[in-house]
Amino acid sequence: MIGNALERRRKVLAPTYRLFYSEPVHIVRAEGVWMYDSDGRKYLDAYNNVPVVGHCHPQVVDAMTRQARILNTHTRYLTDKPLELAERLLATMPSELANVTLTCTGSDANDLAVRISKAATGGTGVIVTDFAYHGTTETIAGMSPSAGIEPGHGVFTVASPVAESAAELGARVRTCVARMRAAGVKPAALLVDTIFSSDGIGSHPAGFLADAVKAIREAGGLFIADEVQPGFGRTGNHMWGFQRHDVVPDIVTMGKPMGNGHPISAVVTRPEVIAEFAKRVRYFNTFGGNDVSCAVALAVLDVIEKEKLLANAHSTGVYLQQGLRNLARDFPRIVEVRGAGLFIGVQISSREETARIVNGLRDEGVLIGSAGRNGDVLKIRPPLPFGRAESDLLLTTLTKVLQKSAG
Ligand code: PMP
């Protein structure tokens with residue numbers, strides 16, 4: 001089965017794609033926190049943040065099929081679902097953030113956010129961390145150093161602060177603004193993933209981002225919070241990653257978990273920030289805000305609330321992080337455990353050992369990934385219904401893999 005699929009894939013898909021794991025997994029179905037391969041083998045999903053309420057959640061699937069039978073059109077008509085969704089999203093945000101633009105992917109949302117920030121400030125310079133990922137459009141790929149692409153015109157980087165909980169990000173942003181000005185570029189925005197997912201997952205104290213936000217505003221730029229990974233309760237107790245830092249962004253972008261696997265994303269702005277862009281541009285995104293995608297996103301919000309997934313992300317996150325720290329005592333190859341809620345980065349002593357652990361876990365039926373500039377951070381980011389039993393299974397399997405691997 002898998003051999004055949006691999007061959008077919010090589011033949012018909014573009015060679016730009018990459019598969020996870022030395023032995024790729026041929027997934028045919030999934031449910032909750034479990035994924036099943038073509039041989040009927042079951043894997044614990046400790047990696048996928050997109051199915052935030054669990055794979056194929058029946059309430060989400062029902063909402064999708066119900067709406068698909070009634071109406072699916074776009075935002076040039078007056079329909080109810082996009083309004084309902086915008087109202088529900090804004091209710092999760094500080095009151096300063098008051099307008100929603102619906103888009104389709106995280107890249108799409110970040111691209112629009114950057115356009116809005118340039119129109120609002122008259123600047124063109126954007127600051128990102130030096131191993132960030134923000135998406136695939138030409139502009140945003142140029143702001144995604146982790147994709148191995150040279151920074152685009154007007155893009156400046158600050159050192160990723162992941163391994164330093166006391167890093168002074170504000171001072172780095174100020175120095176970066178000075179470099180930008182020396183190059184004749186006017187600042188437009190600081191674009192930050194509020195948990196530094198690709199940089200290696202941060203473990204910063206509450207309020208960490210505040211000085212950096214102050215620094216970009218003093219320079220006349222805006223703060224764009226990229227919530228594509230940390231958003232929708234991932235970091236525990238809060239809906240959005242920026243809330244842990246006590247800042248109110250000028251623009252928030254979101255995507256991935258928003259549709260539990262269905263493509264929908266959004267840009268949320270302060271009204272004064274989008275005013276200039278709206279004066280100049282009549283924005284229309286054919287699929288952004290279609291009624292089916294909105295119905296799906298509404299169901300995701302319902303399930304997050306009904307199943308108390310924010311509280312679970314916090315309590316399971318604390319439990320799992322503690323379990324990983326306990327393991328570090330026996331296995332010094334575990335250098336540090338970082339993260340918030342159910343977004344956990346485990347710093348490992350080397351890239352090779354990280355790859356051995358990730359593949360070893362896969363062979364034992366547990367799926368995780370890796371992150372960071374050196375590929376030496378285990379990335380643990382399961383669907384939010386992940387509980388203590390699943391954490392225990394992950395921990396015992398990891399122990400077994402660590403015992404087996406030479407290190
Ligand atoms: N921002 C962040 C932080 C991301 O991790 C990603 C995707 N990995 C994106 C933006 C882009 O999202 P998409 O792939 O939906 O375009």
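Reckoned from all heavy atoms, side chains included, excluding hydrogens, waters and symmetry mates. Whatever order the structure lists them in is the order used to number ligands and atoms, beginning at 1. Model, not experiment: these values are computed from the prediction.
Nearest non-hydrogen protein atom to atom 1 (N) of ligand 1 is Asp226 OD2, 2.7 Å.
Going from atom CD1 of Ile251 over to atom CD1 of Ile274 covers 7.5 Å, rounded to the nearest 0.5 Å.
Enclosure of atom CG in Leu78 is not indicated, since only 12 or fewer non-hydrogen atoms of other residues, nucleotides or ligands lie within 6.0 angstrom.
Atoms of ligand 1 lying under 4.0 Å from any heavy atom of Gly106, numbered from 1 in the order shown and given with element: 11 (C), 12 (O), 13 (P), 15 (O), 16 (O). For ligand 1, the atoms sitting less than 4.0 Å from at least one non-hydrogen atom of Val228 are 1 (N), 2 (C), 4 (C), 6 (C), 9 (C), 10 (C), numbered in the order shown with element in parentheses. Listed by number with element, the atoms of ligand 1 under 4.0 Å from a non-hydrogen atom of Thr105 are 15 (O), 16 (O). Proximity to Asn110 (heavy-atom distance under 4.0 Å) selects the following atoms of ligand 1: 1 (N), 10 (C).
Partner of Asn285 under the side chain to side chain donor-acceptor pair (under 3.5 Å) criterion, chosen from Asp108, Asn290, Thr103: Asp108.
Side-chain atoms of His134 and Ser144 form no donor-acceptor pair, as typed in the model, at a separation below 3.5 Å.
Among the atoms of Thr136, none of the N or O lies under 3.5 angstrom from an N or O of ligand 1.
Ring pair Phe223/Phe242: centre-to-centre distance not below 6.0 Å.
Using cut-offs of 30° and 60° for the angle between ring planes, the Phe208 and Phe196 rings count as perpendicular.
For Asp193, the heavy-atom gap to ligand 1 drops under 4.0 angstrom.
Checking Ala147, Pro263, Ser107, Cys104 against atom 11 (C) of ligand 1, the nearest heavy atom belongs to Ser107.
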